[in-house]
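Structure first, then comments.
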Amino acid sequence: MVPLKRRKVVSSNVGNIKTGAENKFPQVVLFLLERKMGASRRAFLSQLGQKKGFQVEEVFSESVTHVVSENNSGDEVRTWLDSQGGGRGRTPVHLLDISWYTESMQAGRPVQILDRHKLQEQQTDGAELVVFSVPSYACQRRTTLENHNTVLTDALSLLAENAELSDQEGRGVAFRRAAAVLKALPGSVTHVTQLRGLPCLGEHSMRVIKDILENGASAEVESTKQSERYKALKVLTGIFGVGAKTAERWIREGIHTLHQLRGSGHTLNRAQQAGLQHYDDLNRPVTKAEADAIREVVERAVVSVLPGAQVTLTGGFRRGKLTGHDVDFLITHPEEGREDGLMSKVVSWLESQGFLLYQKTTRNSYLESKDGPARPSSNMDRFERCFSIFKLDKDERRGTNAAEDTSSVGAHVQVKDEDSGSQSPILRDEQRRHVSAEDGGPEETKLWRAVRVDLVVSPISQFAFALLGWTGSKLFERELRRWAGHEKNMSLSSHALYDSKQGRYLRVTSEEEIFAHLGLEFVPPSERNA
Ligand code: UTP
Ligand code: MN
């Protein structure tokens, strides 16, 4: 440890407010770290010190010369210190074990700092490793699509998915939170010590990360990926309309593949039938160009049944993603109440024009007076909503460019984003009529593809909440609700924000106002990719 330059303490009456005891050692300004020590023990030890004439600060500040902690490693304390802005480069601060403090208490003066009192910090053979630090809630962080740790986050996301598919929501969330922390880091992790003190990295996630950093792979992730159960769960829940519970039941009956399901004699509901029929299309990523083409159609539908109504692209595409598993739209009208009955008209229009392969509409069931503040942990909302499968025609102009078509692996239509104006796939009634078979025949000759589309109608008074709630990411939303509940005693849903302290709903007209009410810095959609 670099020898400490003693510094003059300008104001010696900062500490000891509680006891009023004389500050006997003005060159020593102490701070006890609550981490792992706990609030009550910290309060007790602080008061003890103050009674003996030590200056023990309640809040960390630049004047602190000695940080005392219990059961923390030097790296953990250093990471914490960095997060307080008291990092390297300033006058060095002593990082000390509690033993120094208790011995000083016994001696009635600051005892000499010996090696055994000093917290050991990791030596990083020459090259200094960046130690990362991020705030604990995902909604306090800015997470762009630029992820420097995809190998780690893919592994954790796979374990999260496996847990979610296995009815282990808690585990799933833990892995999702860990992955989200890594997504927010400004660089690649090369060594576990860089993660010391980061939030949300539990023992299990750390073990997976360590395995990958040290051995190149995690045995758990690899064996999960290869397991028959996981593979079957993926295949079966890949069917629109099939959730984890149904898949689980089928797997117990020995059904692992679509072929086995088809031969099983199970009666499928309407959604599942459509899901099976359009399986390949619905499991192929939707491109931004395709999303834009669908937006045009939805806008046409909406303005023709209610002029002045507005359509907003939400979900992953609003966050700037280039592909998605579906396309999400939020529809509203600037005059409250005018949106009433809108969904059925939009759906009728789309159906009459042959744009829908499947649709199921659920009615709006939200009533503030009846529902009260939504449960913060739930992301279920009660908007009028239409789950649909769109029939999206491929632009026939695209067919003239054979190379482009055959090279397209991930999507039927490969369109550069910048060119979407001239090259986006469009929907054409004539083409649609040409296709008689529902599944459209072989890939190369198929003139359309199926795309999952979610339509949601919100009254303008709830629009900002709906927009925030439907923009995602799912984890970002979950964290917003957790923040609201745990840190602000508020309850946030896609309909409203309720302040329990004031006992009233907070009205807003923009996302910015919601963040402000929550005491959070505004995070634009492109930085909500947690
Ligand atoms: P999606 O599942 O569509 O996710 O939900 P996404 O971020 O757009 O990702 P991909 O690309 O389609 O896979 C979009 C948002 O809508 C909210 C989710 O919480 C998410 O933030 N949502 C979804 C609801 O609020 N309620 C729902 O029933 C479904
Ligand atoms: Mn989506």
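Just follow the structure's listing: the first ligand is 1, and inside any ligand the first atom is 1. Since we're looking at a predicted model, the values are computed, not measured.
- Asp328 contributes atom OD2 as its closest N/O/S atom to the Mn ion (ligand 2).
- Residue-to-ligand polar distances place Asp328 within reach of ligand 1: an N/O pair is separated by less than 3.5 Å.
- Between Gly316 and ligand 1, an N or O atom pair is found at a separation short of 3.5 Å.
- Remark: ligand 1 and Glu477 share no N or O pair separated by less than 3.5 Å (distance only, no angle test).
- Aromatic rings from Tyr358 and Phe387 are positioned such that their centres are separated by 6.0 Å or more.
- Of all the atoms in ligand 1, the ones that sit under 4.0 Å from a non-hydrogen atom of His325 are 2 (O), 3 (O), 10 (P), 11 (O), 12 (O), 13 (O).
- Side-chain rings of Tyr366 and His495 approach one another, their centers coming within less than 6.0 Å.
- Considering CZ of Arg528 and SG of Cys139, their distance stands at 11.0 Å, rounded to 0.5 Å.
- Residue-ligand proximity: Arg385 is placed with a non-hydrogen atom under 4.0 Å from ligand 1.
- In this structure, Lys345 fails the cation-pi test against Trp349, since its NZ or CZ atom is not both closer than 6.0 Å to the six-membered ring centre and inside 45 degrees of the ring normal.
- Residue-ligand proximity, Asp326 to ligand 1, at heavy-atom distances under 4.0 Å covers atoms 3 (O), 12 (O).
- For ligand 1, the polar-atom distance check finds no N/O of Gly324 at less than 3.5 Å from any of the ligand's N/O atoms.
- More than 12 heavy atoms of other residues, nucleotides or ligands lie within 6.0 Å of CG in Asp154, so this atom counts as buried by the packing criterion.
- Numbered from 1 in the order shown, with element, the atoms of ligand 1 that lie under 4.0 Å from a heavy atom of Arg319 read 7 (O).
- For the side-chain hydrogen bond (donor to acceptor under 3.5 Å, both in side chains) test with Arg284, the passing option among Asp280, Thr287, Asp281 is Asp281; the others fail.
- No other N/O/S atom of Asp326 lies as close to the Mn ion (ligand 2) as OD1 does.
- Ranked by closest heavy atom to atom 22 (N) of ligand 1, the top entry among Trp470, Phe476, Phe383 is Trp470.
- Atoms of ligand 1 found under 4.0 Å from any heavy atom of Gly469 (numbered from 1 in listed order, with element): 16 (O), 17 (C), 19 (O), 21 (O), 25 (O).
- Residue contacts with ligand 1: Lys474 is placed with a nitrogen or oxygen under 3.5 Å of a nitrogen or oxygen of the ligand (distance criterion only).
- Annotation: cation-pi geometry satisfied between Arg482 and Tyr137 (NZ/CZ under 6.0 angstrom from ring centroid, within 45° of ring axis).
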Can you list the steps and then say if Lys231 with Glu228 is a salt bridge (charged side-chain N to carboxylate O under 4.0 Å, His left out)? CA-CA 5 Å; Lys231 283 193 276 188; Glu228 286 308 314; 3.6 Å; yes

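- For the atom pair Leu233 CG and Ser227 OG, the distance stands at 8.0 Å (nearest 0.5 Å).
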